[in-house]
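The chains referred to below are lettered A, B, ... by the order of the sequence lines, with proteins before strands, and numbering in each begins at 1. Computed over heavy atoms, backbone and side chain alike; hydrogens, waters and symmetry mates excluded.
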Number of protein chains: 2
Amino acid sequence: MLQVSRKFEYGLHAVTYLATKGLGRVVTVKEMADEMGFSQEFLSKAMQSLKRAGIAASVQGVKGGYTLGKSTDNITVADIALAIEGKPHLVRCGVKADRCEIFSSCHHRGYMNTLQHKIQVLLAATTVHSLLKEIVG
Amino acid sequence: MLQVSRKFEYGLHAVTYLATKGLGRVVTVKEMADEMGFSQEFLSKAMQSLKRAGIAASVQGVKGGYTLGKSTDNITVADIALAIEGKPHLVRCGVKADRCEIFSSCHHRGYMNTLQHKIQVLLAATTVHSLLKEIVG
DNA sequence: GTTAAACAGGACTATTTTAACCCTATTATC
DNA sequence: GATAATAGGGTTAAAATAGTCCTGTTTAAC
Ligand code: SF4
Ligand code: SF4
């Protein structure tokens, strides 16, 4: 269906939320989940992925939470997608060749791969900084 | 995971197969399934979708089968995707607003929709005619 | 006109992926 | 030491995808 996952959308919302709060402010998952209206546990997983990718930074313990790990013009939508969904694979064979039973006789793999690359370029073209301007404007 | 469905790939292969056989030649689902190595029943569903969209034309009865319904430069990859997967919805709310619990407070919907449009433009930029040239070249 | 080979399509089942939840650490403030 | 937070493994639930089955309908060939 070529649809982004909920986890990705949660992550994207979280990043823009953190961005509007500024780099200094430490925000808890609870606050974000309450504010934006989705599951705390699930958002928590998304934040952990973002943290591992360096997009978010975490502070543990009481008074802990998350902040952005980079400046907003240094995070692209592609980065967020990569952090949360892992390497993109528009076609099954990208995960592993034997995921497709007709791998050896397939002629349109090259096209699909360039298509995937073009989609990646689209995602990489939007930084969180530019996204925020779109949102406000 | 932003991955195309198997049904779409089956359909795309079928269309290029029909295209190489020329508009005159009527090809059965059995032949295509055997030739390309996938489930006859499942490919049959894809062909039915392609037929309903006018991309393929069918001949019923003994000696029946499928041919292309249009010229190869009149079919784009986007057309095939539309025929097989229906209207694309990069985000849940595209299907129906109430599919997303935070619809009313969502700020990045506009961006996601333009993103989807750009992906559609990518798909629409490739005709079966140009795809065949890529494959051969 | 009977048979057989093909498309048409509804309904069902199985598999896989995604989403959500639970529970136990660990960390650090108070 | 109590508490409020992140970290993360493991399990379950729900949804989407893939695949099958079965019953019609059409039509060429005999
Ligand atoms: S059909 Fe081709 S492009 Fe698609 S998964 Fe198989 S090998 Fe890859
Ligand atoms: S988060 Fe926004 S864009 Fe995504 S489904 Fe919900 S309303 Fe649509």
When rounded to whole Å, the CG to C1' distance for the pair Leu50(B) and dA8(C) reads 14 Å
With respect to the side chain of Tyr10(B), which nucleotide from dA5(C), dA28(C), dG19(D) is positioned closest? dG19(D)
Provide, to the nearest angstrom, the distance between the CD atom belonging to Gln3(B) and the P atom belonging to dA15(D). 21 Å
Is Arg52(A) close enough to dA7(D) that one of its side-chain N or O atoms is under 4.0 Å from OP1 or OP2 there? no
Interatomic distance where CZ belongs to Phe42(B) and P belongs to dC12(C) [whole Å]: 19 Å
Selected nucleotide, minimal atom distance to Thr28(B) side chain, candidates dA6(C), dA19(C), dG19(D): dA6(C)
Could you say whether Leu2(A) or Gln48(A) is positioned toward the 5' end of DNA chain D, judged by the nucleotide with the nearest heavy atom to each? Gln48(A)
Nucleotide dA18(D), atom P - distance to CZ of Arg99(A) in whole Å: 12 Å
Would you say the side-chain atoms of Ser44(A) and Gln48(A) include a donor-acceptor pair closer than 3.5 Å? yes
Please determine, for the side chain of Ser39(A), which listed nucleotide (dC21(C), dA28(C), dC30(C)) has the closest atom? dC21(C)
With side chains defined as the heavy atoms from C-beta onward, is the minimum distance between Ile135(A) and Thr20(A) less than 4.5 Å? no
Under 4.0 Å: is that the gap between some side-chain N or O of Arg6(A) and OP1 or OP2 of dA15(D)? no
Is any side-chain nitrogen or oxygen of Ser58(A) closer than 4.0 Å to OP1 or OP2 of dA5(D)? no
Do Lys51(B) and dG9(C) have a side chain to base donor-acceptor pair shorter than 3.5 Å? no
Verify the cluster assignment for Val59(A) and Val15(A): are they in a single hydrophobic cluster under the rule of side-chain heavy atoms below 4.5 Å apart? no
Rounded to the nearest angstrom, tell me the gap between atom NZ in Lys63(B) and atom C1' in dA29(D). 9 Å
Lys21(B) with Glu35(B): basic N within carboxylate O range, under 4.0 Å: no
For a quick check of understanding: with a heavy-atom distance under 4.0 Å over all strands, which category does Gly64(B) fall into, base, sugar-phosphate or nothing? sugar-phosphate
Residue Glu41(B), side-chain heavy atoms: nucleotide from dC22(D), dA4(C), dA19(C) that is nearest: dC22(D)
Between atom CE in Met32(A) and atom C1' in dA4(D), what is the gap in whole Å? 15 Å
Residue Gln60(B), side-chain atoms from C-beta onward, closest of dT27(C), dT26(D), dG8(D): dT26(D)
I need the OH-C1' distance between Tyr66(B) and dC7(C), as an integer number of Å. 5 Å
For a 4.5 angstrom cut-off between non-hydrogen side-chain atoms, does Phe8(B) reach Leu2(A)? no
Interatomic distance, Gln40(A) CD vs dG8(D) C1' [rounded to whole Å]: 15 Å
Pick the closest DNA chain C nucleotide for Lys30(B) and for Arg92(B) by heavy atoms, then say which residue is nearer the 5' end. Lys30(B)
Do Lys63(B) and Val26(B) have side-chain heavy atoms sitting under 4.5 Å apart? no
Candidate nucleotides dA18(D), dG9(C), dT29(C), ranked by approach to the side chain of Lys7(B) - the nearest: dA18(D)
